[in-house]
Colleague: 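So that we are looking at the same thing, I have put the structure below in structure tokens.
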Amino acid sequence: MNIRNGNKKDYSEAYVFYYKKLFNYGKKFTEEITMIEDSINEVFIMIWDSRQNLHTINSPQSYIFSSFRNSIFQKIKKTKLLEFREVEQETEVQFSIDTIIIKNETDAALKRQLEKALQQLTSRQREAIFLRFYEGLSYIEVAGVMNISVKATYKIMSRALSELKDILSVPMLLLLAMLEEFL
């Protein structure tokens with residue numbers, strides 16, 4: 001393919017070639033056809049706009065699929081956040097001031113415990129946790145930022161989560177919820 005040099009025919013052929021594959025892949029994550037199509041279009045617009053800056057890509061298919069995956073996950077996350085906010089606004093549950101104070105104190109205590117536990121990890125483990133949970137990066141993106149393989153990223157993250165689980169003596173699901181909530 002000669003997309004990097006601005007060959008529109010090659011670009012169009014790549015779009016047609018990958019469209020159905022990406023569409024089918026996107027259906028594994030959502031049934032929102034518009035969201036899938038928007039993500040496909042965004043990926044190809046991004047590729048065209050940055051074509052001159054694209055270095056030689058060893059696996060164009062992997063690059064296109066991972067770009068699409070990141071795009072659709074961002075859209076899904078944004079949609080779920082909006083849906084959550086809408087539901088949150090619709091429900092008018094009144095809590096007593098005592099309940100709110102207890103919840104805030106409990107949250108603060110859990111956050112302190114989590115921060116203390118994080119300090120017991122290696123700097124690489126803390127960095128991976130931060131990138132994954134605070135910045136919301138995918139494992140592939142974390143690997144790119146940390147300049148390590150994806151496999152190494154999974155190992156670092158697995159060890160970090162396992163150590164945090166042991167330090168805090170909590171089930172893994174609760175640990176993941178804490179990381180999502182407090183980071």
Colleague: Under 4.5 Å between any side-chain heavy atoms of I40 and I72, yes or no?
Modeller: no
Colleague: Please work out which of the three classes, parallel, tilted or perpendicular, describes the rings of F73 and F29, given edges at 30° and 60°.
Modeller: perpendicular
Colleague: Quick check: are there more than 12 heavy atoms from other residues, nucleotides or ligands sitting under 6.0 Å from CD of E127?
Modeller: yes
Colleague: Between atom CG of L137 and atom CZ of F130, what is the distance when rounded to the nearest 0.5 Å?
Modeller: 9.0 Å
Colleague: Which heavy-atom pair separates I64 from V43 by the least distance, and what is that distance?
Modeller: O-CG1, 4.2 Å
Colleague: Would you name the heavy atoms of E42 and K75 that are closest together and state the gap between them?
Modeller: OE2-NZ, 2.5 Å
Colleague: So do the side chains of K165 and L161 get within less than 4.5 Å of each other, counting heavy atoms only?
Modeller: no
Colleague: Is a donor on one side and an acceptor on the other found under 3.5 Å between the side chain of T153 and the backbone of S149?
Modeller: yes
Colleague: Name the one of L164, D166, I167 that satisfies side-chain contact (heavy atoms from CB on, under 4.5 Å) with L175?
Modeller: L164
Colleague: For M35, is there any backbone N or O sitting under 3.5 Å from a side-chain donor or acceptor partner on S39?
Modeller: yes
Colleague: Can you tell me how far CD of E37 sits from CZ of F23, rounded to the nearest 0.5 angstrom?
Modeller: 5.5 Å
Colleague: List the atom of L114, the atom of M178, and the distance in Å for their closest heavy-atom pair.
Modeller: CD2-O, 3.9 Å
Colleague: Is it the case that over 12 heavy atoms from other parts of the model lie below 6.0 angstrom from the CG atom of D49?
Modeller: yes
Colleague: Show the numbers, then the answer: is there a side chain to side chain contact (heavy atoms under 4.5 Å, CB included) between F68 and I36?
Modeller: CA-CA 9 Å; F68 172 75; I36 296 168; 4.1 Å; yes
Colleague: For E163, is there an ion pair with R159 - N to carboxylate O distance below 4.0 angstrom?
Modeller: no
Colleague: Rounded to the nearest 0.5 Å, how far does CD of E32 lie from NZ of K27?
Modeller: 10.5 Å
Colleague: For K8, does its backbone N or O pair with a side-chain atom of S12 as donor and acceptor, under 3.5 Å?
Modeller: yes
Colleague: Just by distance, do the side chain of E141 and the backbone of S138 share a donor-acceptor pair under 3.5 Å?
Modeller: yes
Colleague: If we ignore hydrogens and angles and just use 3.5 Å, is the side chain of S71 paired with the main-chain N or O of S67 as donor and acceptor?
Modeller: no
Colleague: So, taking the atom named CZ in F133 and the one named CE in M157, what distance separates them when rounded to the nearest 0.5 Å?
Modeller: 6.0 Å
Colleague: If you round to the nearest 0.5 Å, how far is OH of Y63 from CD1 of I47?
Modeller: 6.0 Å
Colleague: Go through it in stages, so that I can follow the logic: the residues are Y18 and F44, the test is side chain to side chain contact (heavy atoms under 4.5 Å, CB included), and I'd like the CA-CA distance, side-chain angles, deciding distance and then a yes or no.
Modeller: CA-CA 10 Å; Y18 285 107; F44 278 93; 3.8 Å; yes
Colleague: Looking only at atom types and distance, does a side-chain atom of Q125 sit under 3.5 Å from a main-chain N or O of T122, one as donor and one as acceptor?
Modeller: yes
Colleague: Is there a side chain to side chain contact (heavy atoms under 4.5 Å, CB included) between I148 and I156 once you walk through the steps?
Modeller: CA-CA 10 Å; I148 57 177; I156 289 172; 3.6 Å; yes
Colleague: List the steps, then state whether side chain to side chain contact (heavy atoms under 4.5 Å, CB included) holds for Q119 with R126.
Modeller: CA-CA 8 Å; Q119 293 306 313; R126 280 195 308 274; 4.3 Å; yes
